[in-house]
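In what follows, a structure is listed as structure tokens, so that the remarks can point back to it.
Quick caveat: nothing in here was measured; it's all calculated off a predicted structure. In the text below, chain A, chain B and the rest are named by the order of the sequence lines, each starting its count at 1.
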There are 2 protein chains.
Amino acid sequence: MKLTSKGRYAVMALADLARFDNVNPVSLRDISLRQGISLDYLEQIFSKLRKKEIVQSVRGIQGGYVLNKNAKEIKLTNIFDAVDEKVKTVQCKKESKKGCNGKSTKCLTHNLWDELENHINNFFEEKSLYDLVKDNSERRI
Amino acid sequence: MKLTSKGRYAVMALADLARFDNVNPVSLRDISLRQGISLDYLEQIFSKLRKKEIVQSVRGIQGGYVLNKNAKEIKLTNIFDAVDEKVKTVQCKKESKKGCNGKSTKCLTHNLWDELENHINNFFEEKSLYDLVKDNSERRI
DNA sequence: TATAAACCTGACTAAAATAGTCAAGTATAT
DNA sequence: ATATACTTGACTATTTTAGTCAGGTTTATA
Ligand code: FES
Ligand code: FES
């Protein structure tokens, strides 16, 4: 199981953004340079973040992106949701009564994976962007 | 982030095995049929499980595999380890002082991913094969 | 009002990882 | 003897990921 770059980059980029606390827009070019992420890839990612109203865009020269909410209100869950980074541990369709083996009962391990999925999602539910920047400025002192 | 089939199958197959409690060997063919997993693929997986002494093989006709330890002593951690299913959340090399961005400090999100990795691994550390079969026989009653 | 900075969009592609398959064995209970 | 089942290594197809590329549109400012 591993975290994909898309999810990682989304959080990295937003953490970078969050340090500016909704004052002036930050251009993707700057984030790209600071965080070492391809500009074109960032654009894909921010397009999704904007659609889910996590960031706001400011077009034109001197433009960029600004957080659309307080950093405390942006959970990792929201970010991952926006960029379609999802935690998937079961193989079967959850709604279906059928198991991953094609049989009419769930497999031996279904419950286990379901618990695992919840366990991981709880982590994402508890962490906000604010936790990240706070953490980081503490370390800087 | 998703669980791979290799990890899933390893646990499914061992759960199937565990129901027979070290009495007589279970053939991969039977597991293959019951769990709907390719026989050839199972062979790859069990080769690894055997090397890490999680199962024992019994060759020849009527042969198969048997758990090598008590189901309570086989943690998910051990299983995943054996089949090289690893949790990887950070992008950088952990031992290195360098960050994933190539810079000389760890990136903004490094600590977060590290926490996540621990969080997930804790789950695997807490669950044993026994929990699985116990759970299942309870449900059967 | 020209221009350059920056957002915006969709299609395309290379590389890596995954999930197997296939072939050719060896051991052993019956 | 022989069929069952483990053993091993190489090969391959599919899918997913991680981008690239080529074209835009908007707008501050000189
Ligand atoms: S994972 Fe849901 S039935 Fe197997
Ligand atoms: S993940 Fe370790 S430095 Fe970025």
* Steps toward side-chain contact (heavy atoms from CB on, under 4.5 Å) verdict (A/Met1, B/Thr4) -> CA-CA 7 Å; A/Met1 325 194 61; B/Thr4 66; over 6 Å; no
* Asked: When you list every nucleotide of DNA chain C with an atom under 4.0 Å from a heavy atom of chain B, which one comes first 5' to 3', and which comes last?
  -> C/dT18 to C/dA29
* To do: May I have the distance from A/Leu42 (atom CG) to D/dT20 (atom P), rounded to whole angstrom?
  => 11 Å
* Structure fact -> Contacts of A/Thr4 and B/Leu28 projected onto DNA chain D by closest heavy atom; the upstream (5') one is B/Leu28
* Taking atom NZ of B/Lys98 as the centre, report whether more than 12 heavy atoms of other residues, nucleotides or ligands fall under 6.0 Å from it. => no
* Does the side chain of A/Leu132 come within less than 4.5 Å of A/Leu14's, by heavy atoms? -> no
* To do: Working to the nearest 0.5 Å, report the span between CG of A/Leu28 and CG of A/Asp40.
  => 10.5 Å
* To do: Mind listing the residues from residues 43-62 of chain B sitting with a heavy atom below 4.0 Å of DNA chain C? Number order is fine.
  => B/Gln44, B/Arg59, B/Gly60, B/Ile61
* Is there a side-chain contact between A/Asn121 and A/Thr77 (heavy atoms, below 4.5 Å)? -> no
* Structure fact -> Separation of D/dC6 atom P from B/Leu17 atom CG, nearest Å, is 10 Å
* To do: Look at the rings of B/Tyr41 and B/Tyr9 and say which category their plane angle falls in: under 30° parallel, 30 to 60° tilted, over 60° perpendicular.
  => perpendicular
* Can you name the residues that form a side chain to side chain contact (heavy atoms under 4.5 Å, CB included) with B/Arg8, not counting sequence neighbours? -> A/Gln91, A/Trp113, B/Leu3, B/Ser5, B/Met12
* Nearest-Å distance, CG (B/Asp40) to P (D/dT12)? -> 16 Å
* Asked: When the ring planes of B/Phe124 and B/Phe80 are compared, do they come out parallel, tilted or perpendicular, using 30° and 60° as the limits?
  -> perpendicular
* Specify the separation, in whole Å, of atom CD1 of A/Ile37 and atom P of D/dA18. => 12 Å
* **Along DNA chain D (nearest heavy atom to each residue), the more 5'-positioned of B/Ser27 and B/Gln91** => B/Ser27
* To do: Find the distance A/Leu39:CG to D/dA18:C1' and express it as a whole number of Å.
  => 15 Å
* Asked: What is the distance from OH of A/Tyr65 to P of D/dT26, rounded to the nearest Å?
  -> 14 Å
* Side chains of B/Gln35 and A/Thr109: does their closest heavy-atom pair fall under 4.5 Å? -> no
